[in-house]
Each structure stands twice: as structure tokens, then as C-alpha cells.
Protein chains: 2
Amino acid sequence: MAELDKFDHRLLELLQENARLTGSALAQQVGLSSAACLRRVQRLRESGVIERDIAVINPRVFGKRMTVVVLVTLNNDRPDRYNLLRAELAKAPEVVQCDHVTGAHDIVLRVKVADMEDYSAFVDRVLVQPYIKRYESLAVLGVIK
Amino acid sequence: MAELDKFDHRLLELLQENARLTGSALAQQVGLSSAACLRRVQRLRESGVIERDIAVINPRVFGKRMTVVVLVTLNNDRPDRYNLLRAELAKAPEVVQCDHVTGAHDIVLRVKVADMEDYSAFVDRVLVQPYIKRYESLAVLGVIK
DNA sequence: AATGAAATTAAGTAGCT
DNA sequence: AGCTACTTAATTTCATT
């Protein structure tokens, strides 16, 4: 990954907020020509600095109105199952984020579901298994950021 | 928010993965003309179904190589401070996600920093305050999803 | 090696059936 | 909705630093 100068950093800052800014809009804000900006952005994409561009969809649209953070504790006597579980969690559509963490818990999930019934079905299908010792569900009351 | 048919749902699915798909690329995959797709996407943006488009930047670029999930417990004797804290957390650049949750903890943060020193500075600046009773830091060892 | 200006190509928008 | 014409943006070319 090549070195990034202040122009690249500014472009990334702007596109991180709004990926639909046009070349001339970028040009105004970074002080280069439209062509120069777009050339840089193209390089940033090709080199993987910009990993991808995504549309942020209002979560209610898919009826996923409920978010739950789940703290998962594993049975440390079955380390062989870890990769299998990883794959299962990554595959589950309800799981929008999944981190392996240090501390008393092993995995933190962010789960989006329609309602409690939906969440309950997710728990039964994915979380209730011998390799998972314990899980703690924290329902998200409000997204602060 | 108007009703969405299966075409809209398909468009949203596609754009959620890759917001740079062109009209004709969308047309191929949903089975409508390019113009029809783009008209629909335009409506989806205007109506707020698509909230915004963002570039996903490789986190190493800004030197933020470390992710920490923080479980925050508040002092319930100072409810007046809650809105102030919300604002502080939303403003802190290290905080990339912040949820108000049910259960033993009150807030779950997702924090991105360069290193432990950086994290320590964040803790001192933002988390060490009378209104926060306790916080538990879970360092992210690996992102599964 | 990278820029800006200009020309080319492609994409998005609007009007009409 | 589709088709077509129009408009705007992105890409490439090229001369310049």
C-alpha cells in the first residue's frame, strides 16, 4: 500500500461520509482539479485503501427493527469447534457484526431481527449448542452513534 | 415510506453490497431496464430508504489498527447526565458505534484506536468521569464478520 | 510522477409512448 | 415500464511542471 498524502486523506474523509460526492464537489473541497481527484480515488480503490462502497439502508425496511448485542462465552473444552462456529455465525443472516474478543466473554455479536420471536428463533437455531456455554443478550434500546 | 416491491428489495440487497453498481449492471440482475432501475434507486434515496452511501476505508489507513468493545455501566443516580454523555460519545472520533442497551450494562461502544496508548488516552478523556460507574474493555482479537 | 484543460466515453435523468 | 434524447459525470488524452 503506497504512501498517502494529505490530499488522499482528505478525500477518504469526505468519501467516508458521502461516497456519492462528484469529482467537482471533491475538487472544491480538496483544492485539486476534478480529474486529479477522481484519478486519486480510482487509485485508492484499486490499491484497496477504499475497500468498497455500500448503501446504508434504513433497517426498518427489511423489517429488522430490533438490534441485540450478544456476549457469547464458549466451552473452552472444545477448541476444535471454534472454526465451525465462526463459519456458522458468519453465515447467519441475522448476524451483522461478529468479533472475537478478550476477557470473560469470547465473542460479541450484533444481531438484527424483526422482533422477539425472530430473535428467539435465531437463538434456538444458532446459539443453543453444546459448544456455547453461556450467552448474554443486550437489547439495543437506541443507537447513539 | 411507500411500499416496496420485490424489485426494490432486490435493488437494495445489491446496493447494500456494492453501491457502485451501474444502472445496466442493476438491470441485468433485477430484470428491468437501466432507466427503470435508476428511477427506483432515485426514489429509494429521496424517500430515505437508502439513508446514504459511504466508502468503507481500510482501518489500517488511518492507523486505527485496534478495535475495542466497551461495556459501560452508568451511575443511576445521575440521570440528568445521560444526554450530555450521549453527546460526548457521539462526538468522540474513536467511537464508531454506540448503543444504549438493556441488561447489567447500559451502553456498548465500539472503539477504533491506533494502539493501547491511544486507547488509554481515550479512556482517560472520555470514560473516566463520575457518571460512569464501571466499564469493561473487550479487545477485538479478530473480526469474524 | 502528477497536474489541469480539453476531448471522449459512459452513466444518470427526463420526456414521451 | 420501456425507449430515446438530453444532461451530467467519469475517464482518458495530452501538454506542462
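Computed from a prediction, not measured in an experiment: that's the story for all the values here. The chains referred to below are lettered A, B, ... by the order of the sequence lines, with proteins before strands, and numbering in each begins at 1.
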Presence of A:Arg40 side-chain N/O under 4.0 Å of C:dT3 phosphate oxygens OP1/OP2: yes
B:Glu46 atom CD, neighbour heavy-atom count above 12 within 6.0 Å: yes
Between P of C:dA2 and NZ of A:Lys6, the distance in whole Å: 16 Å
Salt bridge flag under 4.0 Å for residues B:Arg40 and B:Asp5: yes
Comparing A:Arg43 and A:Ala35 on DNA chain C - which has the more 5′ nearest nucleotide: A:Arg43
Nearest-Å distance for atom pair CD/C1', residues A:Gln28 and C:dG4: 16 Å
B:Asp106 and B:Asn76, any side-chain heavy atoms less than 4.5 Å apart: no
Rounded interatomic separation in angstrom, taking CG from A:Asp5 and C1' from C:dA1: 12 Å
A:Gln28 atom CD, neighbour heavy-atom count above 12 within 6.0 Å: no
Gap between atoms CG and P, on B:Leu11 and C:dG12 respectively (whole Å): 12 Å
Nearest-Å distance for atom pair CG/P, residues B:Leu26 and C:dA11: 11 Å
B:Leu21 CG to D:dA10 P, straight-line distance once rounded to whole Å: 16 Å
Closest to side chain of A:Arg39, choosing from D:dC3, D:dG2, D:dT13: D:dT13
Distance, rounded to the nearest Å, where A:Leu32 contributes CG and D:dA10 contributes P: 15 Å
N or O in side chain of A:Arg20 less than 4.0 angstrom from D:dA9 OP1/OP2: no
Spacing between A:Leu4 atom CG and C:dA2 atom P, to the nearest angstrom: 12 Å
Salt bridge present between A:Glu94 and A:Lys64 (N-O < 4.0 angstrom): no
Nearest-nucleotide pick for A:Leu38, side chain only, options being D:dT4, D:dT11, C:dG4: D:dT11
Closest to the A:Gln42 side chain, choosing from D:dT12, D:dA10, D:dT4: D:dT12
Which nucleotide in C:dT3, C:dA11, D:dT12 has an atom nearest any side-chain atom of B:Thr22: C:dA11
